[in-house]
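Because the structure is predicted, anything quoted here is derived from the model rather than measured.
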Amino acid sequence: MGPVRRAAGGARLALALLTVLPVRPRGDAAALGTAAAWFPAVGALIGVTAGGVWIAAEPTLGAGVAGVLATIALIVVTGALHQDGLADCADGLGVRGDRQRRLEVMRDPSIGAFGTIALVAWALLLATALAALPHADAVRTLVLAAALGRWGAVVHGAFAAPARAEGLGAAFSVSPAATVVATSSVVIAALALGPARGLAAVGAAGLATLATTAWARRALGGRTGDTLGATVAIVELVTCLVLVSFARG
């Protein structure tokens with residue numbers, strides 16, 4: 001397979017994994033590491049969708065409703081993939097026991113008290129932050145936040161070994177080349193907002209990714225599909241909060 005076809009296959013696989021779009025992926029789990037290079041671009045597309053919802057709703061419904069609808073759009077277009085990971089990780093964080101016990105709790109399809117609290121807190125903080133955005137900053141904030149969120153998953157996958165021998169976490173073996181491409185794309189996108197704002201967003205996203213990666217390595221022995229999803233959700237939220245603070249400063 002030539003480089004162009006491999007790139008196209010990686011893009012299709014990233015779209016199929018990260019969105020509910022009816023895209024039929026070409027490739028298997030071994031290709032996920034290559035697809036990771038496309039994660040920020042797919043995130044930007046998700047951000048454009050949510051930003052479009054915000055822009056459409058805000059003039060007639062107000063910024064508060066627009067923030068809620070944009071949050072719902074982020075969840076719907078991804079099939080709640082990352083929110084599911086956030087809830088499972090919160091339940092794993094709250095359980096008492098060793099690594100194996102935490103992993104067992106995270107595999108349970110039911111959501112516990114910690115998971116529910118995490119989801120409610122995430123949604124409230126994000127919707128409130130988006131409601132505080134000036135009209136001119138809505139789309140670019142959501143685009144960069146969604147792109148950085150998926151970049152966080154790439155970095156998390158690169159620096160945390162798999163906690164299990166099977167599953168998405170084990171399959172998501174990120175190549176150094178994919179990490180470099182993904183990082184370069186988000187840095188360029190961030191700097192387009194201006195050096196101070198862009199670098200602050202990247203720095204905050206990096207710190208949030210470092211925190212989730214350190215927790216996953218210490219508490220679980222490495223990454224899982226859930227920790228990848230939780231990283232996306234947390235980085236997305238942190239980036240929005242930082243960019244809102246700049247927009248209203």
Side-chain angles (χ1 to χ4, degrees), residues 1-19 23 25-48 78 81-82 85 140-163 168-217 222-225 227-236 238-239 242-243:
M1 182 184 294
V4 174
R5 292 187 64 185
R6 280 198 300 270
R12 291 174 67 92
L13 187 55
L15 275 170
L17 177 65
L18 296 175
T19 73
V23 178
R26 293 176 181 174
D28 54 21
L32 280 175
T34 302
W38 291 93
F39 274 32
V42 174
L45 178 63
I46 294 168
V48 167
T78 60
L81 176 68
H82 312 306
R140 58 186 180 180
T141 294
L142 280 160
V143 167
L144 184 57
L148 281 171
R150 279 74 193 170
W151 169 76
V154 174
V155 175
H156 181 74
F159 289 96
L168 177 60
F172 193 66
S173 179
V174 182
S175 66
T179 305
V180 170
V181 171
T183 301
S184 299
S185 65
V186 294
V187 169
I188 292 171
L191 291 177
L193 288 178
R197 184 183 301 188
L199 290 177
V202 173
L207 288 174
T209 301
L210 178 64
T212 61
T213 302
W215 175 80
R217 293 173 64 173
R223 67 178 186 264
T224 68
T227 65
L228 289 166
T231 298
V232 173
I234 292 170
V235 171
E236 204 169 51
V238 168
T239 303
V242 169
L243 292 178

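- Once rounded to the nearest 0.5 Å, the distance linking CD1 of I46 with CZ of F39 reads 10.0 Å.
- Sorted by first and then second residue, the salt bridge (Lys or Arg N to Asp or Glu O under 4.0 Å) pairs with a member in residues 200-210 form an empty list; sequence neighbours excluded.
- Side-chain contact check for V232 versus L81: every heavy-atom pair is 4.5 Å or farther apart.
- Scanning all heavy atoms of the two residues, the minimum distance from V186 to P40 falls at CG1-CB, 3.5 Å.
- Looking at every heavy atom in both residues, A201 comes nearest to T239 through CB-CG2, 4.1 Å.
- In this view, A208 and I234, V235, V238 satisfy the side chain to side chain contact (heavy atoms under 4.5 Å, CB included) rule, not counting sequence neighbours.
- One distance of note links CG of L18 with CG of L45; it measures 10.5 Å at 0.5 Å rounding.
- Smallest separation of non-hydrogen atoms from W151 and G206: CZ3-N, 3.9 Å.
- The two residues A163 and T224 make their nearest non-hydrogen contact at CB-CG2, 3.8 Å.
- In this structure, the side chain to side chain contact (heavy atoms under 4.5 Å, CB included) partners of V202, at least two apart in sequence or on a different chain, are L148, A190.
- Listed by first then second residue, pairs satisfying salt bridge (Lys or Arg N to Asp or Glu O under 4.0 Å) with a partner in residues 175-203 read D137-R197, not counting sequence neighbours.
- Listed by chain and number, the residues in a side chain to side chain donor-acceptor pair (under 3.5 Å) with T227 are H156 (sequence neighbours excluded).
- Sorted by first and then second residue, the salt bridge (Lys or Arg N to Asp or Glu O under 4.0 Å) pairs with a member in residues 171-191 form an empty list; sequence neighbours excluded.
- In this structure, A36 and V154 approach most closely via the heavy-atom pair O-CG2, 3.4 Å.
- Judged as a side chain to side chain donor-acceptor pair (under 3.5 Å), not a single pair has a partner in residues 198-210 (not counting sequence neighbours).
- The side chain to side chain contact (heavy atoms under 4.5 Å, CB included) search around S175 returns A177, A178, not counting sequence neighbours.
- Of the inter-residue distances, the one linking E236 atom CD with L144 atom CG reads 11.0 Å to the nearest 0.5 angstrom.
- In terms of the side chain to side chain donor-acceptor pair (under 3.5 Å) criterion, T19 has no residue partners (sequence neighbours excluded).
- The two residues T179 and A158 have their closest heavy-atom pair at OG1-CB, 3.8 Å.
- Considering only residues two or more places apart in sequence or on other chains, R223 meets the salt bridge (charged side-chain N to carboxylate O under 4.0 Å, His left out) condition with none of them.
- Note on residues 153-162: no pairs pass salt bridge (Lys or Arg N to Asp or Glu O under 4.0 Å), not counting sequence neighbours.
- Annotation: side chain to side chain contact (heavy atoms under 4.5 Å, CB included) contacts of V23 (sequence neighbours excluded): R12, L15, L21.
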